[in-house]
Trainee: 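This is the structure I want to talk about, given as structure tokens.
The sequence lines fix the lettering, A, B, ..., with proteins before strands; numbering per chain opens at 1. These numbers come from the heavy atoms of this one structure, side chains and all, not from hydrogens, waters or symmetry mates.
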There are 2 protein chains.
Amino acid sequence: MNLKQLEVFLWVAELKGFTKAAKRLYMSQPAVSFQIQSLEEFLGVKLFWRNEKNVILTEAGKLLFEQAKQIVAHFYKIKSVVNDLKELKTGSLTIGASTIPGEYILPKLIGDFRRQFPGIQINVRIAGSAQVEKWLLNREIDLGFCGTLISGKEIECLPFLTDHLVLIAPVDHPWEAGGEIKISDLVKEKFVLRESGSGTRKTFETSLARSNISKEQLSIVMEMGSTRAVITAVEAGLGVSVVSFLAARDPLLLGLIKEIRVHNLDLNRKLYVIRDQSWMSNFAAETFHSFIFTQENNLLFS
Amino acid sequence: MNLKQLEVFLWVAELKGFTKAAKRLYMSQPAVSFQIQSLEEFLGVKLFWRNEKNVILTEAGKLLFEQAKQIVAHFYKIKSVVNDLKELKTGSLTIGASTIPGEYILPKLIGDFRRQFPGIQINVRIAGSAQVEKWLLNREIDLGFCGTLISGKEIECLPFLTDHLVLIAPVDHPWEAGGEIKISDLVKEKFVLRESGSGTRKTFETSLARSNISKEQLSIVMEMGSTRAVITAVEAGLGVSVVSFLAARDPLLLGLIKEIRVHNLDLNRKLYVIRDQSWMSNFAAETFHSFIFTQENNLLFS
DNA sequence: CACCTAAATAAGGATATTTTATTTAATGCC
DNA sequence: GGCATTAAATAAAATATCCTTATTTAGGTG
């Protein structure tokens with residue numbers, strides 16, 4: 001039994017004639033006879049009562065007619081559902097991100113994307129960069145966003161945005177807001193920082209290393225797993241910190257903390273999109289990936 | 001797109017490998033590759049992400065997997081539903097019958113049939129013989145039962161039972177219960193009969209004609225469309241009648257009417273099953289037809 | 001680097017399906 | 001009753017499809 005047999009059957013039943021069905025299907029009448037015969041043979045029942053002048057369904061034919069209509073419709077529905085997927089009318093996309101991209105960059109990006117492709121369901125998971133990488137390897141996410149460069153031939157890792165880290169201090173700190181200090185001044189300070197391994201922390205340590213200051217020289221009074229928590233600690237006067245400007249912007253504008261420039265210290269770091277080589281497997285993921293690098297989103301770069 | 005492609009696809013997805021699926025399906029691995037490729041080409045999407053060591057479904061593949069399972073199941077369900085029909089586990093049968101067969105013979109016959117084939121839904125319509133024939137020609141019924149011989153090459157008409165008509169009279173009628181009268185005695189009587197055209201009426205008139213008594217010689221005081229109504233009229237003393245023994249039996253046993261034999265008058269008549277040449281179109285009808293002529297049902301003959 | 005596994009590819013061959021041509025069977029019309 | 005007409009079945013050849021064997025490619029492994 002196959003689809004063609006059912007289609008031919010439906011048209012013969014519909015048009016009440018082998019010849020008519022043949023014309024409608026652009027095939028010859030014997031071909032129609034052949035298809036009906038093989039279907040009848042397969043099912044072991046007569047489907048039509050053939051008289052001269054009219055072709056009518058038997059009981060089994062009537063039963064098959066209903067079923068066949070459903071099946072044929074289902075077949076064509078598959079085609080259209082897959083098309084919807086291709087045209088991003090439907091689909092789903094699971095994104096994993098570390099905190100800075102996840103909390104400060106993705107929300108706008110996803111908002112823009114969803115306006116353009118409202119049928120796509122988007123899920124976001126937020127965790128550390130290492131976890132994002134694991135998710136990707138386990139295929140739990142389609143795309144990952146993180147603050148550290150990932151190597152490994154399984155994973156494609158592209159920078160998509162430069163993030164600026166800033167030195168922040170409590171408002172009552174001796175440093176002057178908007179002023180500039182020397183790198184060596186940092187070693188005298190108490191620091192509240194994100195945990196080791198986080199993108200922010202790594203970037204800061206790497207920058208210091210370029211100025212020949214080792215991470216052991218810093219006095220770290222507290223490590224926290226969330227940038228927002230770090231900022232709150234700085235607000236409370238527990239120490240100074242280096243965090244993404246994106247996270248610090250609002251507290252700075254509200255005067256809850258202050259920013260101090262550091263002479264000759266490059267605190268920029270790149271943020272990366274990662275995906276594994278199976279990216280062809282999800283249309284929405286592929287499209288979102290291109291989306292990041294196009295149009296006004298480029299404004300995010302600096 | 002056809003069924004084979006979907007089946008191959010399902011097994012590749014299930015067994016996570018082209019070679020494994022090929023073995024399971026008793027076909028070669030290239031044939032499996034070919035089927036998957038043509039399905040992918042038709043849908044315009046990659047269905048599997050092929051790596052060495054593992055074959056995994058893409059988003060479109062996952063979507064198709066669910067749909068394909070349903071479709072394939074539906075295909076096999078058709079086969080089994082048609083089989084049920086062939087094996088009379090399901091199906092329906094519409095019978096048309098004139099009053100005597102419909103009210104006095106079919107009920108038992110249908111009861112026995114239903115005990116053997118409980119899945120068959122049976123509908124019975126009761127009307128005059130002429131109407132039964134019309135129903136049959138219109139294919140409104142699968143089988144007909146009537147008291148008159150039907151001719152016409154469209155219709156097959158077989159006798160299946162001999163029905164005995166009996167002369168009945170009110171209990172207070174001068175004739176002796178169980179006694180015998182001469183045919184000529186009939187013309188002096190008032191008759192309550194079934195309408196012209198009914199099987200019973202025709203049989204009676206034919207029998208009289210054989211004894212050279214024309215129907216005009218009878219004095220008919222009432223014509224009724226129902227045998228039960230005729231009997232009730234006789235009970236009420238409105239006249240005598242000739243009715244099927246099957247209908248008269250109970251009132252006779254209860255002493256509500258009495259039976260009188262008529263010397264040398266053959267009041268037997270045959271009852272017929274009719275079906276049209278499309279009888280192959282309904283398994284239940286075919287089986288019911290054979291059922292009538294088999295086993296203990298033969299006891300009905302005399 | 002050879003070896004192994006699994007899928008893709010190529011080419012020839014086996015099946016299936018379709019077409020053309022013809023037959024059958026019933027209908028309608030002189 | 002004979003003859004044209006219509007519609008489906010059948011036969012045989014042509015074609016398309018699908019499958020198999022053999023081979024290639026690619027990645028992983030000892």
Trainee: Take atom CG of L15(A) and atom P of dA7(D), then tell me their distance rounded to the nearest Å.
Mentor: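 These atoms are roughly 13 Å apart.
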Trainee: Side chains of I126(A) and V124(A): does their closest heavy-atom pair fall under 4.5 Å?
Mentor: yes
Trainee: Say whether Q37(B) and S33(B), considering side chains only, have a donor N or O and an acceptor N or O under 3.5 Å apart.
Mentor: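 Absent: no donor and acceptor within the cut-off.
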Trainee: What pairs with E66(A) under salt bridge (charged side-chain N to carboxylate O under 4.0 Å, His left out), at least two apart in sequence or on another chain?
Mentor: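 E66(A): salt bridge (charged side-chain N to carboxylate O under 4.0 Å, His left out) contacts with K69(A).
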Trainee: Round to the nearest Å and state the distance from K46(B) atom NZ to dA7(C) atom P.
Mentor: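 My rounded result for the distance is 14 Å.
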Trainee: Treating primed atoms plus P, OP1 and OP2 as sugar-phosphate and everything else as base, which nucleotides of nucleotides 8-20 of chain D get B, S or - for protein heavy atoms under 4.0 Å?
Mentor: BBBB------SSB
Trainee: Nearest-Å distance, NZ (K23(A)) to P (dT19(C))?
Mentor: 14 Å
Trainee: Checking E40(A) now: which residues fulfil salt bridge (charged side-chain N to carboxylate O under 4.0 Å, His left out) with it, not counting sequence neighbours?
Mentor: K46(A), R50(A)
Trainee: Given the side-chain rings of F160(B) and F145(B), with only the six-membered ring counted for Trp, is the space between their centroids under 6.0 Å?
Mentor: yes
